[in-house]
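Each chain gets a letter, A, B and so on, in the order its sequence line appears, and its residues count up from 1. Note that the coordinates shown come from a computational prediction; the quantities given were computed from them, not determined experimentally.
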2 protein chains.
Amino acid sequence: MSNTTEGLTKPMSTCADCGVRERAICQSLCDTDLDALNRIGRRQTIERGQTLQWQGDDSLLVGNVIDGVLKLSSTSTDGRDQTLGIMFASDFIGRPFGKVTDHSIVALTDAKICTFPRAAFDDFARDHPDLEHGLLQRTLTELDRTRQWMVLLGRKSATERVSAFLLEMADRLADNDNDAAPLRFALPFGRQEIGDLLGLTIETVSRQITRLREDGVIETPDRRSIVVLDRDALEACAG
Amino acid sequence: MSNTTEGLTKPMSTCADCGVRERAICQSLCDTDLDALNRIGRRQTIERGQTLQWQGDDSLLVGNVIDGVLKLSSTSTDGRDQTLGIMFASDFIGRPFGKVTDHSIVALTDAKICTFPRAAFDDFARDHPDLEHGLLQRTLTELDRTRQWMVLLGRKSATERVSAFLLEMADRLADNDNDAAPLRFALPFGRQEIGDLLGLTIETVSRQITRLREDGVIETPDRRSIVVLDRDALEACAG
DNA sequence: CGTATTTTTGAACCCTGTCAACTATCGTGG
DNA sequence: CCACGATAGTTGACAGGGTTCAAAAATACG
């Protein structure tokens, strides 16, 4: 169906044309419920580098990532930073059913998100078991992923961490229309951000990437691009 | 009410006398629903050291911890072990709504648990939104806790890790009937298990504990007991 | 009381962090 | 289009915290 109401711009975008309509938690809702949810939310764009939510702040917002990449991060009093997770399109962000969020949410790229006041969302979710079920599924998956990351942080060497990181990014970011072609992707991270993610310093990350390049495992066409030349070798490095 | 059917032992214990009845996810269920849930579950005891679920196995069981302490752990191919979480009485274990569990569940002490076949539990939960809500709350809390632990694994020194660990155990295990009295508790862990939890070797853990004792921050009456003499100092060490 | 297990202690080593300097890249304005 | 400064990334030297390997000490267990 083409959009016949073109020109009649509404204050809030409709869910119908939402890029993540079929993948975000909203997928479980019928049109009526979706409309009701839409009425308590709003779309917003945030710029790269902008902080959506500060660590320790009251949890006032939750929402869906429509486009772009965000990170969750925790900074200790002395300035050490640890990234806790990366959120992509269709992922759910924020802490429902809780007063505070003890991590920051920062945009790594320009991003589009669809946000809801937490209290209103909580109420809505309580009335819609299918939505809560979707949220539970997502939370369980995120917990699985986070636990996997703990193994990396607790037990892996710098080489293993960087290799595992590149492999995960290859899976999540590469547009592998062709299996035979070398994996190529643009990281939404600078070196420091990779370090924060892997629990390493920027220098160590840089050295590991240099070494992988010198060994012919990857290429780095520009600062943020990676081409995986030898996936097997990379997997071997990831342990 | 006293138990008037004493002697008529049923094959399955009732929920009425369950020690975690008010704290586990079952708390949201009315008597009728509780009875229905009870009918698909069973109580079992497991011995210290026993593995309830192996990493990579099909997720066939979920359940509540009634008594004792269990750990979730992940072992990489080369034998390195990382503990992913510690489960106490009233905690929920297992991976509902998913085919596999990619961590092991091991009893650190003799334990009592109340288990359900996963598929049957999943179905039951889908029909009981309040139960799913409780499960969601728990999962969100566990995710918060796990993310906090990531900071420890990614960014903290050995001293900070051991101190933070002892403080958390003090909060979870000490029977502090008296605020002024020094915190005292018995760890359900050996040194190796502490290492697996903190991403350190057994030797490093041992040295850190020795140092804390020499500095007069703690005492170690026996292998597994800890007395916190100077909580402020311990908090300072934890960063 | 002897053996197995756990914990502690010691010494050498090495990976990663730290500090510093250098290089490359990006963006801006002349 | 180039010059310039600002930002990001790389490289080198060095030190230190934690691991590794080895052995002794303490504790648990039969």
Proximity to the side chain of [X] - top-ranked nucleotide from [options]:
X: A/E203; options: D/dG18, C/dC19, D/dC21; value: C/dC19
X: B/R191; options: C/dT7, D/dC21, D/dG18; value: C/dT7
X: A/T204; options: C/dG17, C/dT8, C/dT6; value: C/dG17

Round to the nearest Å and state the distance from [X] atom [atom1] to [N] atom [atom2].
X: A/R224; N: D/dT10; atom1: CZ; atom2: P; answer: 12 Å
X: B/I202; N: D/dC21; atom1: CD1; atom2: P; answer: 15 Å
X: B/K156; N: C/dG17; atom1: NZ; atom2: C1'; answer: 18 Å
X: B/L108; N: C/dT6; atom1: CG; atom2: C1'; answer: 16 Å
X: B/Q208; N: D/dG17; atom1: CD; atom2: C1'; answer: 9 Å
X: B/Q192; N: D/dT20; atom1: CD; atom2: C1'; answer: 13 Å
X: B/I226; N: C/dT7; atom1: CD1; atom2: C1'; answer: 13 Å
X: B/R155; N: D/dG18; atom1: CZ; atom2: P; answer: 14 Å

Under 4.0 Å: is that the gap between some side-chain N or O of [X] and OP1 or OP2 of [N]?
X: A/T201; N: C/dT18; answer: no
X: B/R207; N: D/dG18; answer: no
X: A/R223; N: C/dA24; answer: no

Have a look at [X] and say if it touches a base, only the backbone sugar-phosphate, or nothing, with a 4.0 Å heavy-atom cut-off.
X: A/G195; answer: nothing
X: A/T210; answer: sugar-phosphate
X: A/L200; answer: sugar-phosphate

Please tell me if the side chains of [X] and [Y] come closer than 4.5 Å, counting only heavy atoms from C-beta onward.
X: A/R43; Y: A/I113; result: no
X: B/F116; Y: B/L60; result: no
X: A/V227; Y: A/P221; result: yes
X: A/S225; Y: A/L187; result: no

| request: Can you see which heavy atom on A/S163 is nearest to which on A/C237, and at what distance? | output: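 So the minimum-distance heavy-atom pair works out to OG-CB, 3.1 Å.
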